[in-house]
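Below: the structure, in structure tokens.
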Amino acid sequence: MNRRRLVLVAGAVLLLIIILWFYAGQVATRHARRAVDDALMQAGLAGTVTYDTIHASPFGTVQLDHVAITLPGGTAITTRRLILSGLQLRDGMLNGVHLEASDLTIPLLDLVRQGINVGSPSGFATTLLGTGITVEQGQAAIDYRFDENDRVLSFSTTGQMSGIGGWSFSTRLVDVDPRWIEMLRPIAGLAMGQAPNGLAELAVAGSLAPPRLKQLTWSLNNTPLWNRLQLVPDTSIPTREESDPRSEEAQIASTFMKAGVAASEARNNAKMLARWERKGGTLSFTTDIDTPLPLVSSGGLLGIQPAFPSAEGFVARSHGSFSD
Amino acid sequence: MKQMALLMLATTLLSGGLSTTRSAFAQQGAPEDVLARSSSRRISVLQGGAAWCKPALALRMVVEPGSPDSAASPATLIPLMDKLRGPIAARCPVAETALLTLLQNHLVSGRFQADKAHDWSFAAAAVPTNTPLAASLDELPPAPASALIATPSTTQSPISVPATAVPAPVPKSSSPAAPPPPVPAPSAAAITGTILPLDGYGGLMLRLMHDDPSLLEDDGVQRWWASTHDRQAFQSNRSDDFAMHALLQHAIGDMKTQIATHDLSRLLIMNTMQLRDYDFTSHSFPIDGMSVDISLANIACCFNGKLPSRIPVHVAGLDLIRSVPMSDDRAHDLIENRKTRWGSNREVFVEYVIKLDDGAMRLADYQKAYYGRLVGATIYGDKDRKEVLAVIDEALIEQKLQAQRDAARASAQQRVEEQNRQRLAIVTQQRQSYVQMAHGWSPERRIAALLPSSDLYGSSQLDAIRQLRSASVLKGSSVPGILMFQTAASGSDAVTTRWPGKLLVNAASSAGAFERGRWYVAKGQLNAPVGPELKDATFTVTESHACRQDQCTEANDVDALIDGKITTLPSAGGALP
């Protein structure tokens, strides 16, 4: 009898949990919708970023279906599903978010036709169109965390696109003054086409302690694009016989060594870079930093300037190494 | 009435009067060029010059304006033609065949033929109506003159008709079962019998009213019509509003009737000219040519409203008639008969027949005008159009127009060639400086300079396939470009390439087919398809140069490159700098 009652109680509890779960989901979805809509409204993106449906779980994961970012001219970058999780807000500041976009579609041709600058350096869009890439499809993810107490900022992104290839990028900064994050907001606003109302704040950046780099890793795989580039040359006459790969490597290695990279590491880096330039494929870079490196130093027109005079100098200071 | 006239003509023909001597004709006032004439019906048959008598005769039957037969069906005049068997037999025994051209209202309305074997029975000829009657205006036989002007022609060429174009005539009475001879298509005037050409300003106003019916309702136009067509009633009713209203209403109906009974595409204009001194070389009297742009002015004064004071007309060929061909003897008689106390009266009246283009007036050179072309002209000795000095038909005018066009084209071509020659001389002198300049060109510019149409400044440049593909994708259609490529196959359509690859080339024509494995530099249009897969682009070549060396390295020989360009530029259509 007791056992039967126990089963009934357990069933009732389970049913209650299901109801609560469902209810909590409803509440969470309602809150999430309101939060997303408010955020878009405040950012002035209510008509620019749209979605069809939104679902939220009680644990904080929000899923938006058929999200479209409509750019001036009417062209839209779309994703079939955008998952937003780990959202951390504090006093209006974004301290953490994880975004995953699947079935991401970028109508490259339409964007270029509407005069929207795509890619950098200039001519990248022309290169893509010239090799027949008119629409890019794939997925991408971004993860951003900022711990105010430890003053640690982590940022990573990964993605894979059909035409250009894949990438991963991860970095970790320490000693990040929250005011740096404050200053990034107007810069972000500028990128979205808003008024540059925060440039003045950059002038005071020189007085802040610079954030320091603890770790940086990135990897690029340009195989799909590389294959297309070989099929559609960008010269009007066939290029002459390539120069000796070894001499090219030696030249790169020499540049690294002049910047302070150890000889063996410089040769290895040169070999990897030269091979990637000749054959494409995967190129990875990772740092080995004992003491975090300041990213900026005082001076320059804006009060701050990069702490590394060149890419080779950065590799030397960060003990970075290239691999395939 | 017609039977009576036929009888009179036959009587004249059979009387033997035409077979008399030249002096007798001159005395009688009958022109020797006239083989036969009916004064009552105003029809003449012309011999066609002094040397007219030969086995193949070429005659002209001219039905003068105002003749009761001017609108008759050409077939109805065949009985009259048959009456020519007597004069032909009497005056030209060697004649075997005869081709007779019938002109009504200045226009060729039919051609008929007969031969001796069939007793000179005329039947319609299977000759195109636009067969030229003479090689040029200078060879034009004079039209019948009035009784006062009649001298024989001794120098004019006979009318020439290709013998092969004249089939043997079918005798009308040889066989009852034989089908009737074909009747040439009559002119519009002949069909209706009432359709008249437009005459001068008043006539052209009918065309204008037809094109713009609102003119019929215009008070000024109505008053102009009433005043010129019923002057007496108009003058007497000027102060009577009601009578004038009735008169103007009548004018509207009258104008509508006149529009319906006129050939609105045919315009006659008469102009007075002075014969200049007789030209014994061309056997003609020179006269001033008209301008092709004329304005027909309203000589009746002036009414308000929409009535135009003048109507501009542009007539192609109006300037062609610059002489009145006439034999020496006849010209002599003309001058003699026109002698006055103070010299001689050299006034003639030229009636131009103009075919107007369809449609309303159109704008050209800042003013609207009717457009047309000259299709005929008659030069009269008198204002009443009785004394015909010469008739010029459409075929001759067209021949002259064509000659004028050919001459203009040849002159333009000659001018271009001369300019090219001069420029080539200059370019050749400056050769060294061009060579020096070309040494500074990039390899891409030198290769592009191999194209025949490229200039001496190296303005053309090779394009890279990637940039062209990008431009084509962006534009969504073909883009122009210059490419160097190496074929992977032969042919002229969708030829694959080894370089740059992903490219198919189409030759400009099958004559310019590509050879397999050869390098070319070519100008054309590139079209790149849009799609997820990288597909072949298509390059449609409009101009190409087949290179002698791989990758067109012959372009590095700058001296040869410049020399080749200097040599070929004039033939490339005047592309000299």
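All chains are named by letter (A, B, ...) in the order of the sequence lines, taking the proteins before the strands, and each is independently numbered beginning at 1. What you see is a predicted model, and the numbers here were worked out from it, not measured in a lab.
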key: More than 12 heavy atoms from other groups under 6.0 Å of CD on A:Gln251   = no
task = May I ask you to check whether over 12 heavy atoms, not counting those of B:Arg405, lie within 6.0 Å of atom CZ?
result = yes
request  = Please flag which part of B:Gln461 lies under 4.5 Å from any non-hydrogen atom of chain A: side chain, backbone, both or neither.
outcome  = neither
task = Side chain from CB out, backbone as N, CA, C, O: work out which of these in B:Pro443 comes under 4.5 Å of a heavy atom of chain A, or both, or neither.
result = side chain
request  = Tell me, for A:Thr131 versus chain B, whether the close heavy atoms (under 4.5 Å) come from the side chain, the backbone, both or neither.
outcome  = both
query = Counting only heavy atoms not in B:Gln414, do more than 12 fall under 6.0 Å of its CD?
reply = no
ask   = Got a sec: does the CZ of B:Arg516 have more than 12 other heavy atoms crowding it under 6.0 Å?
value = no
ask   = Going by residue number, which parts of residues 464-486 of chain B are within reach of chain A, meaning a heavy-atom gap below 4.5 Å?
value = B:Ala464, B:Ile465, B:Arg466, B:Gln467, B:Arg469, B:Ser470, B:Val473, B:Leu474, B:Lys475, B:Gly476, B:Met484
query = Which bit of A:Ser162 is near chain B, if near means a heavy-atom gap under 4.5 Å: side chain, backbone, both or neither?
reply = neither
query = Listed by residue number, which members of residues 226-236 of chain A have a heavy atom under 4.5 Å from any heavy atom of chain B?
reply = A:Arg228, A:Leu229, A:Leu231, A:Val232, A:Pro233, A:Asp234, A:Thr235, A:Ser236
